[in-house]
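First comes the structure, then the notes that go with it.
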Amino acid sequence: MATTKLPKKKTTASKASSTKTTILKKYKEYVLTHGAEPRSVFTFAHELEISESEFYQHYSSFEVIQSSIWEQFIDDTIAGIKKNQPYDEYSNRERLLAFYYTLVERLKQDRSVVKYTVQGKLKKPELNPPFLKKFKSQFFEFAEMLISDAYEKEEIIQRPLLSDRYKDGMWLQLVFIVGFWLKDESEAFEKTDGAIEKSVNLSFELMGSGPLDLMIDFGKFLYQNK
């Protein structure tokens, strides 16, 4: 006689992953529906029909959930550009363009969440909110690798004092692009595409050998011959 196979029970790991995903999804839905965070972890957990302690097994605060959301943005972005076969053949200028274009495409999927999390918090890019800490750290890793490769290929040049700040300049560029995109009302955000292209081209012109070096040399000349 044939026996009926019973469905396998979820493993502890898969159940935990499922709960974590549910918490993140429901958090997004809550803040977009109410325009604010839940009053407390207790009330939010009660709404999800889980215990408060179960919530804390996955996230220690709502801010950590926001951090997790932004981590996913950059994880998906980096994974996306590296799936593109010609990526390794790109110049570093093209790699940075690809990064920003892919990031904006990823952010479009959660535009309302992006708006909610950054509203009023990126007016001073040098003072980043804590939930962007891991996102920024991963971006710096990407930027440092790109800059190092650009040095080797002589796409940019090293300058005393300034070279160490290149990655900070890229971070300000990223903040500018996200802010521009959030305000962009053009069809298919085509103005944002233009802003990305122009800002990346400008940054590589400034980091490369060009007018800035002529200005520095002229300044040295004037100083030495004053």
Going through the checks in order, is the side-chain contact (heavy atoms from CB on, under 4.5 Å) test met by I78 and F99? CA-CA 7 Å; I78 292 174; F99 175 88; 4.1 Å; yes
In sequence, state the C-alpha distance, the side-chain angles, and the governing distance for V113 and W70, and then conclude on side-chain contact (heavy atoms from CB on, under 4.5 Å). CA-CA 10 Å; V113 173; W70 279 85; 5.9 Å; no
Working for side-chain contact (heavy atoms from CB on, under 4.5 Å), residues N84 and T102: CA-CA 11 Å; N84 192 344; T102 306; over 6 Å; no
Residues F176, L172; criterion side-chain contact (heavy atoms from CB on, under 4.5 Å); working and verdict: CA-CA 6 Å; F176 159 74; L172 295 179; over 6 Å; no
Evaluate the criterion side chain to side chain donor-acceptor pair (under 3.5 Å) for residue pair R159 and Y166; output intermediate values, then yes/no. CA-CA 10 Å; R159 297 185 176 93; Y166 283 167; 2.8 Å; yes
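Between T192 atom OG1 and K183 atom NZ the span is 11.5 Å, to the nearest 0.5 Å. To the nearest 0.5 Å, atom CG of residue L48 and atom NE2 of residue H46 are 10.5 Å apart. Atom CZ in R93 sits 11.0 Å away from atom CD1 in I156 (nearest 0.5 Å). The OH atom of Y151 lies 11.5 Å from the CG atom of N92; values are rounded to the nearest 0.5 Å. One finds the NZ atom of K167 at 9.5 Å from the NZ atom of K136 (value rounded to the nearest 0.5 Å). Taken to the nearest 0.5 Å, the CD atom of E29 stands 10.0 Å off from the OG1 atom of T22.
Side-chain contact between I69 and Y27 is present, with heavy atoms from C-beta onward closer than 4.5 Å. Annotation: side chain of F55 is in contact with side chain of I65 (closest heavy-atom distance under 4.5 Å). Using a 4.5 Å cut-off on side-chain heavy atoms (C-beta onward), F73 and V114 make contact. In this structure the side chain of L97 never reaches within 4.5 angstrom of the side chain of Y90, judged on heavy atoms. With a 4.5 Å cut-off on side-chain heavy atoms, F180 and F189 do not count as touching. Side-chain contact between L174 and F135 is present, with at least one heavy-atom pair separated by less than 4.5 Å. Inter-residue side-chain proximity for Y116 and Q66 is flagged as met; some heavy-atom pair is nearer than 4.5 Å. Within the 4.5 Å cutoff, the side chain of M170 has heavy atoms near those of the M207 side chain.
Counted by atom type alone, T43 and S40 present one or more donor-acceptor pairs between their side chains at under 3.5 Å. The closest side-chain donor-acceptor pair between D110 and Q72, if any, does not fall under 3.5 angstrom. Using a 3.5 Å distance cut-off with no hydrogens or angles, the side chains of Y100 and Q173 do pair a donor with an acceptor.
Judged by distance alone, the side chain of S67 and the main-chain N or O of E63 form no donor-acceptor pair under 3.5 Å. Of the possible donor and acceptor atoms, one in the side chain of S199 sits under 3.5 Å from a partner among the backbone N and O of A195. Remark: the backbone N or O of S91 is not paired with any side-chain donor or acceptor of E155 at under 3.5 angstrom. Put simply, the side chain of N201 gets close to the backbone of E197: a donor and an acceptor are under 3.5 Å apart. Using a distance-only test at 3.5 Å, with no hydrogens or angles considered, no donor-acceptor pair links the side chain of R106 to the main chain of D75.
Within 6.0 Å of atom CD in E49, 12 or fewer heavy atoms from other residues, nucleotides or ligands are found, so the atom counts as exposed in its surroundings. K28 NZ: more than 12 foreign heavy atoms inside a 6.0 Å radius.
Tracing side-chain contacts under 4.5 Å through hydrophobic residues (I, L, V, M, F, W, Y), one never reaches M145 starting from F139; they form parts of separate clusters. In the hydrophobic clustering of this structure, I177 groups with F140; members are Ile, Leu, Val, Met, Phe, Trp, Tyr whose side-chain heavy atoms approach within less than 4.5 Å, directly or through other members. Hydrophobic clustering (ILVMFWY, side-chain heavy atoms < 4.5 Å, transitive): Y56 and F62 are in one cluster.
At least one cation-pi condition fails for R165 and W171: the charged atom is not both under 6.0 angstrom from the six-membered ring centre and inside a 45 degree cone around its axis. The side-chain tip of K26 does not point at the ring of F44 from less than 6.0 angstrom away and within 45° of straight on. Seen from the ring of Y87, K82 does not count as a face-on cation partner, given the 6.0 Å and 45° thresholds.
Using a 4.0 Å cut-off between charged nitrogen and carboxylate oxygen, D184 and K191 do not count as a salt-bridge pair. In summary, R95 and E89 do not engage in a salt bridge, as defined by a charged side-chain N under 4.0 Å from a carboxylate O.
Residue I157 comes nearest to S163 through the heavy atom pair O-OG, 4.1 Å, listed as atom of the first residue, atom of the second, then distance.
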